[in-house]
Amino acid sequence: MEKIKALNLKGHLLTAISYLIPIVCGAGFLIAIGMAFGGTSQGQLVPGEFTIWDALATMGGAGLGLLPVVIATGISYAIAEKPGIAPGFIIGLTANAIGAGFIGGILGGYLAGYLVIAILRFIKVPNWAKGLMPTLIIPFLTSLIGGLIMVYIIGTPITAFTNLLTNALNSLGSSSLLVFGAVIGLLSGVDYGGPINKTVFAFVLTMQAEGINGPITALQLVNTATPIGFGLAFFIAKLFGKNIYTPVEVETLKSAVPMGVINIVEGVIPIVMNDIVRGLIATAIGGAAGGAVSMVLGADATVPFGGVLMLLTMTRPWAGAVALLVNIVVTGITLALIKKNVTEEQVAAQAEVEEEEIDLDDIQIF
């Protein structure tokens with residue numbers, strides 16, 4: 001167990017996903033905007049035969065198509081630092097070339113990174129050749145060994161496993177989709193973009209690479225709906241004669257809700273930290289409801305990011321809109337009901353903290 005723990009497989013994966021997400025966001029927005037205005041992702045942009053929307057969709061599609069390469073490079077870098085970049089990139093490209101997809105990219109990243117560590121540890125060269133290690137010896141040996149392992153050993157079982165998983169998900173009935181969607185929605189929401197969310201994200205991104213868009217759509221709709229649901233809770237609580245947010249939290253919502261619209265969930269974290277249990281309960285219930293509805297109705301965004309812009313890339317935009325609405329309303333009602341009234345003491349205490357922060361900001365060091 002200690003040896004397995006020392007490998008830190010999960011830590012390296014989460015590090016790589018943190019590198020991956022900005023690329024997903026940038027490419028996702030490009031392809032979402034392009035497709036929303038009638039553009040299509042093309043293999044090659046022939047001069048004079050494409051629109052700006054085709055260009056955006058193609059740029060985004062090209063970025064998303066390289067996600068196995070990015071995840072492989074990120075994992076290899078997380079394991080071996082700078083020497084792991086080139087091997088991870090090449091083995092990631094190899095995984096893409098043989099159709100091993102996102103799972104192949106993940107395994108290729110581990111393979112590249114640990115091969116680099118092994119070469120650094122066990123292969124000794126003369127002093128005059130040490131300068132060649134990072135630029136020639138490590139990239140060549142690691143790419144050669146890792147690439148051949150990927151092509152002749154890893155590729156076939158990965159393809160078989162991916163096909164098995166794809167067929168299993170495609171054969172799910174309505175009740176199974178309901179449960180599966182609820183689980184995805186719950187897990188993707190409860191840590192607000194943290195490790196659990198990123199782990200689920202890696203899994204559902206693998207599914208999207210195989211043409212199954214439902215799971216990642218459910219996850220991203222939950223991320224979009226959660227901050228908006230927290231904002232709705234403010235107005236629902238008022239209907240019940242409750243005041244559930246401090247003035248500072250209300251100000252936080254003014255930025256958290258717009259962030260949610262474009263699929264950034266982290267804006268609500270300061271509010272959740274003030275009432276963790278109730279915040280998690282509302283998020284989990286709302287996320288489970290939204291994820292279940294998304295999967296059952298077949299919301300199928302073709303991009304893995306974009307917030308409400310994802311709706312424009314779906315074959316059934318109404319399904320995504322209904323899932324969003326359910327998630328937002330359930331989260332808002334749940335939070336408004338279970339969250340306690342803010343007391344005058346809490347408001348006063350927060351005001352004192354703010355005053356202290358202002359006083360510290362006024363101190364100038366010469």
Side-chain angles (χ1 to χ4, degrees), residues 1-27 30 43-44 58-159 195 198-199 201-202 205-206 209:
M1 291 294 293
E2 290 300 317
K3 290 183 179 179
I4 294 175
K5 184 177 179 181
L7 292 176
N8 194 22
L9 299 179
K10 180 181 177 182
H12 297 320
L13 176 62
L14 293 179
T15 299
I17 291 175
S18 69
Y19 300 146
L20 179 82
I21 287 176
I23 296 175
V24 172
C25 294
L30 285 175
Q44 183 177 2
T58 302
M59 290 160 59
L64 296 179
L66 288 177
L67 291 186
V69 182
V70 176
I71 196 72
T73 306
I75 291 174
S76 183
Y77 173 75
I79 295 170
E81 298 183 347
K82 189 176 179 180
I85 294 177
F89 185 82
I90 294 172
I91 295 178
L93 283 174
T94 305
N96 234 10
I98 64 173
F102 200 70
I103 295 177
I106 292 173
L107 294 180
Y110 288 124
L111 177 63
Y114 288 118
L115 277 174
V116 171
I117 296 297
I119 289 172
L120 287 171
R121 179 172 298 179
F122 298 112
I123 294 184
K124 306 300 180 183
V125 298
N127 289 334
W128 63 267
K130 287 185 177 179
L132 297 176
M133 282 290 284
T135 58
L136 175 60
I137 298 174
I138 290 176
F140 171 68
L141 289 179
T142 308
S143 301
L144 175 65
I145 298 169
L148 292 176
I149 291 174
M150 176 63 68
V151 172
Y152 290 105
I153 299 177
I154 296 179
T156 300
I158 288 177
T159 302
K198 288 183 173 63
T199 302
F201 176 75
L205 194 60
T206 298

Nearest 0.5 Å, what's the [atom1]-[atom2] distance between [X] and [Y]?
X	Y	atom1	atom2	answer
Ser143	Leu148	OG	CG	10.0 Å
Ile98	Thr156	CD1	OG1	7.5 Å
Leu115	Tyr110	CG	OH	14.5 Å
Leu205	Ile17	CG	CD1	8.5 Å
Phe102	Ile71	CZ	CD1	4.0 Å
Leu111	Ile153	CG	CD1	9.0 Å

Quiz item: If you look at every heavy atom in Pro157 and Ile154, which pair is closest and at what distance?
Solution: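 The answer is CD-O, 3.2 Å.
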Quiz item: Looking only at heavy atoms, which two atoms of His12 and Ile75 are closest? And how far apart?
Solution: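 So the minimum-distance heavy-atom pair works out to O-CG1, 4.1 Å.
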Quiz prompt | Residues that Val70 engages under side chain to side chain contact (heavy atoms under 4.5 Å, CB included), provided they are two or more places apart | solution = Leu20, Ile23
Quiz prompt | Those residues that, when tested against Val125, pass side chain to side chain contact (heavy atoms under 4.5 Å, CB included) (two or more places apart) | solution = Ile123, Ala129, Lys130, Met133, Ile137
Distance-only check: which donor-acceptor pairs under 3.5 Å involve side-chain atoms of residues 76-95, not counting sequence neighbours?
residue, atom, partner, partner atom, Å
Ser76, OG, Gly84, O, 2.6
Ser76, OG, Gly113, N, 3.4
Thr94, OG1, Ile90, O, 2.9

